[in-house]
Amino acid sequence: MTTFDDREKAFENKFQHDEDLLFRIRTRRDTLAGLWAAGLMGLDADAAKAYARQIVEVDIGTPGPHDIRDRIAADLHAKGVDISDHRVEKEMAHLLDLARQQVTTE
């Protein structure tokens, strides 16, 4: 292998590592957001875990940056929780920071 091939392989490995890390952080954020929303809706522990799994699946299955926010806001409104989309988005930004800290310290 040449030096160029080595550098190319290193860049590919770094890209793969970064994408894997980003996926783990987003999945953790989605789980935390699902548990947060479940708490606001008054779900018990088992239902909260199931709801959090649904939120993760929505993010994986639906393209777009606001799919989770829209789903959580709609679910909260359907349960009669008075909360703005902005508040949901702000909480998700906080949970993204928390997820990043948790994943990077594991």
Side-chain angles (χ1 to χ4, degrees):
M1 284 189 131
T2 66
T3 303
F4 180 76
D5 291 334
D6 291 341
R7 288 185 63 188
E8 182 179 21
K9 183 73 172 165
F11 282 123
E12 288 173 359
N13 288 340
K14 181 172 179 353
F15 177 79
Q16 180 64 35
H17 176 266
D18 291 348
E19 288 297 306
D20 180 57
L21 185 63
L22 181 60
F23 177 79
R24 290 181 15 229
I25 290 169
R26 284 182 58 123
T27 301
R28 179 72 56 92
R29 188 261 335 247
D30 296 345
T31 301
L32 293 171
L35 293 173
W36 169 76
L40 292 177
M41 291 186 279
L43 301 179
D44 65 29
D46 290 336
K49 288 177 188 176
Y51 181 75
R53 279 192 301 274
Q54 288 176 4
I55 295 300
V56 170
E57 290 171 6
V58 165
D59 192 27
I60 292 171
T62 309
H66 301 294
D67 50 343
I68 297 301
R69 182 204 63 200
D70 294 343
R71 167 68 188 271
I72 288 174
D75 291 346
L76 289 171
H77 293 156
K79 288 285 191 173
V81 178
D82 185 26
I83 193 166
S84 69
D85 290 352
H86 176 72
R87 176 68 180 107
V88 173
E89 195 165 330
K90 195 161 181 78
E91 183 65 24
M92 288 183 61
H94 166 73
L95 293 173
L96 180 62
D97 291 338
L98 179 61
R100 185 175 288 114
Q101 290 171 357
Q102 288 178 355
V103 168
T104 56
T105 59
E106 289 179 340

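The hydrophobic cluster containing L40 also contains I68, counting ILVMFWY residues as joined when their side-chain heavy atoms lie under 4.5 angstrom apart, directly or transitively. Two different hydrophobic clusters hold L98 and V103 under the rule that ILVMFWY side chains link at heavy-atom gaps under 4.5 Å.
Closest approach of L76 and A37 over heavy atoms only: CD2-O, 3.7 Å. Taking all atoms of both residues into account, the shortest heavy-atom contact from I83 to H77 is O-NE2, 2.6 Å. For the residue pair T105 and Q102, the shortest heavy atom distance occurs at OG1-O, 3.2 Å.
The side-chain heavy atoms of N13 and K9, taken from C-beta on, include a pair separated by under 4.5 Å. Residues R100 and R29 are not in side-chain contact: their nearest non-hydrogen atoms beyond the backbone lie 4.5 Å or more apart. The shortest distance between side-chain heavy atoms of I60 and F23 falls below 4.5 Å. Counting only heavy atoms from C-beta outward, the side chains of R28 and L95 never approach each other to under 4.5 Å.
Rounded to the nearest 0.5 Å, atoms CG (L21) and CZ (R26) are 13.0 Å apart. The CG atom of L35 sits 10.0 Å away from the CG atom of L43 when rounded to the nearest 0.5 Å. Atom CG of D97 sits about 11.5 Å away from atom CG of L32, to the nearest 0.5 Å.
Applying the 6.0 Å contact sphere to CD of Q16 captures no more than 12 heavy atoms from other residues, nucleotides or ligands.
The side-chain hydrogen bond (donor to acceptor under 3.5 Å, both in side chains) analysis of residues 84-95, with sequence neighbours excluded, yields the pairs R69-E89, R87-E91.
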Just list the side-chain donor-acceptor pairs under 3.5 Å for residues 45-57, sequence neighbours left out, or say none.
unit_1, atom_1, unit_2, atom_2, d
Y51, OH, D75, OD2, 2.7
Q54, OE1, R71, NH2, 3.1

